[in-house]
Amino acid sequence: NKKIAVAIDGPAAAGKSTVAKKVAHQLGYVYIDTGAMYRALTWKSLESGVDLHDEDAVYQQLMQISIDLVMENDGQHVYVDERDVSREIRQQDVTTNVSFAAKHGKVREEMVKRQQQLAAERGVVMDGRDIGTHVIPDAEVKIFMIASVQERAERRHKENIEKGFPSDLSELKEEIRKRDEIDSKREIAPLVKAEDAIEIDTTSLSIDEVVDKILSAIADRV
Ligand code: C5P
């Protein structure tokens, strides 16, 4: 079978990474979480006191670090230089600030370069905001996953409670809405559905139903 690239984009907390991981696993493909790369840069910038609104400072920070995505037995881990920051990059301060780091043109240009290197070998499922539009515009299959803010916040809330994390539904709704707004309105590579992407509204679908839809879209192309 021909190996292809699958681009999965969509707003915050739409279930992209859960679905992308399952699709990659089914196909024996590599999964690449580009949001984790922006989160890793944001974590490092916060840690070293870099002003996230200062494009040159954030860009310099990025040029000083390596960001590695490594699949381990218990799932994907994210490393900044040699440090495992998989947990840290999901913290609230990173989540509420990541869209500021991701606005800068110079930062995005470097991230896209790194992501294109990772996707050079086909047999990849990559998720993010601009994968189908900018990172892999020639991806054989492009998916745009959406769901209402209410639905996305409720899912995240349930997930937090199951994990024993503190969680506030209305705060989650506000955070998701705000992040989508910044990501959709930025000048450089905003969150937008690629013309040739297949839109999947996941509001009333289970994870496996979404995975199946994507797998059959892939089967049509290979
Ligand atoms: O996917 P995740 O929610 O972890 O992404 C975190 C943030 O990283 C997004 O809200 C967005 O600001 C940024 N991002 C981006 N482009 C991507 C992936 C993520 O701008 N390809």
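Note that the structure is predicted; figures quoted are calculated from it, not measured. Counting starts at 1 for both ligands and their atoms, in listed order. Position 1 is the first residue of the sequence, and the numbers go up from there.
Protein residues having at least one heavy atom under 4.0 Å from any atom of ligand 1 are Thr34, Gly35, Tyr38, Arg39, Arg90, Val98, Ser99, Ala102, Arg108, Gly128, Arg129, Asp130, Ile131, Arg179, Asp183, Arg186, listed by chain and number.
Residue pairs meeting the side chain to side chain donor-acceptor pair (under 3.5 Å) criterion with at least one partner in residues 141-152, sequence neighbours excluded, are Lys142-Asp196, Gln150-Glu154, Gln150-Lys173, Glu151-Arg155, Arg152-Asp180.
A 4.5 Å side-chain heavy-atom check between Asp130 and Arg108 finds at least one atom pair inside the cut-off. In this structure, Glu175 and Thr95 have side chains that are in contact, with non-hydrogen atoms separated by less than 4.5 Å.
Ser48 and Gln61 are linked by a side-chain donor-acceptor pair at a separation below 3.5 angstrom, with hydrogens and angles left out of the test.
Comment: Arg179 does not engage Glu174 in a salt bridge, judged by the lack of any side-chain N to carboxylate O separation of less than 4.0 angstrom. Classification of Glu110 and Arg114 as a salt-bridged pair holds, one side-chain N sitting under 4.0 Å from a carboxylate O.
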